[in-house]
Trainee: 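Supplied in structure tokens, the structure appears directly below.
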Amino acid sequence: EAGVAQSPRYKIIEKRQSVAFWCNPISGHATLYWYQQILGQGPKLLIQFQNNGVVDDSQLPKDRFSAERLKGVDSTLKIQPAKLEDSAVYLCASSLSVGGLTDTQYFGPGTRLTVL
Amino acid sequence: AQSVTQLDSQVPVFEEAPVELRCNYSSSVSVYLFWYVQYPNQGLQLLLKYLSGSTLVKGINGFEAEFNKSQTSFHLRKPSVHISDTAEYFCAVRDEHSGGYQKVTFGTGTKLQVIP
């Protein structure tokens, strides 16, 4: 079974530029998550989709971050414009069911963003 | 609101020695607890999880954890570590958000350094 795919793996941009990350979850997984992991910290949930609907985006900086999951499959996370403090690893994860408390989250390898 | 505290940011240990990585949580409802491992430049991989039943949970790579409800702890242990266990370990708690979906909170991580 293929895992969660993310691209690109690394990205370097200057502040005020825009950037987009792509995630393809495990086939058939209903729930998709985007996390931000700043160096030295644990992952912080940015947004959670169930199928193609958003269930939690309370920690997403909506003035600059946006995400979509068209057709309930793959997803794109965008930052526009980027700030220095956005430098982090962006992790995508997926889980099988909708609202399953016992679900296992499967993580992709992440995209490391450096903002100069 | 749920939270996770990992008391040690770094734990050095000699090869073949035992190790314990500490995790304490707080939550107002029933919780499900997880330990993940993150190797350099990789995503998170599930080590083990506590959902219900026996408080001693065994996971992959010889790790185990014990759920202690009275002490609100979920410490991770391994009786004899290997060089390959050098990685960062994250404790996470999941419960049901008031919005009817699962919410996961991660700790800040513990870096395990195995010394030859």
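Computed over heavy atoms, backbone and side chain alike; hydrogens, waters and symmetry mates excluded.
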Trainee: State, yes or no, whether a side-chain contact exists between A:Asn24 and A:Val73 at a heavy-atom distance under 4.5 Å.
Mentor: yes
Trainee: What are the residues of residues 4-13 of chain A, in order of number, with any heavy atom under 4.5 angstrom from a heavy atom of chain B?
Mentor: A:Arg9, A:Tyr10
Trainee: What residues, two or more places apart in sequence or in another chain, satisfy salt bridge (Lys or Arg N to Asp or Glu O under 4.0 Å) together with B:Glu64?
Mentor: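 So B:Glu64 forms a salt bridge (Lys or Arg N to Asp or Glu O under 4.0 Å) with B:Lys58.
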Trainee: Give a yes-or-no answer on whether the side chains of B:Asn68 and B:Ser70 include a donor-acceptor pair shorter than 3.5 Å.
Mentor: yes
Trainee: Checking B:Leu46 against chain A: side chain, backbone, both or neither under 4.5 Å from a heavy atom?
Mentor: side chain
Trainee: Can you pull out every ring-ring contact (aromatic ring centres under 6.0 Å, His included) where at least one residue sits in residues 34-75 of chain A? Sequence neighbours excluded, please.
Mentor: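 Output for this query lists A:Tyr35-A:Phe107, A:Tyr35-B:Phe106.
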Trainee: Tell me, for B:Gln38 versus chain A, whether the close heavy atoms (under 4.5 Å) come from the side chain, the backbone, both or neither.
Mentor: side chain
Trainee: Compile the donor-acceptor pairs under 3.5 Å between side chains in residues 84-91 of chain B and protein atoms, sequence neighbours left out, one pair per line.
Mentor:
residue, atom, partner, partner atom, Å
B:Asp85, OD1, B:Lys78, NZ, 3.2
B:Asp85, OD2, B:Lys78, NZ, 2.8
B:Asp85, OD2, B:His82, N, 2.8
B:Thr86, OG1, B:Ile83, O, 3.1
B:Thr86, OG1, B:Val114, N, 3.1
B:Tyr89, OH, B:Asp85, O, 2.6

Trainee: Check whether any side-chain N or O of B:Asn24 sits under 3.5 Å from a backbone N or O of B:Thr72 as a donor-acceptor pair, and report yes or no.
Mentor: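 Such a contact is found between B:Asn24 side chain and B:Thr72 backbone.
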Trainee: Ignoring hydrogens and geometry beyond distance, is a side-chain donor-acceptor pair present between B:Thr105 and B:Tyr25 at under 3.5 Å?
Mentor: no
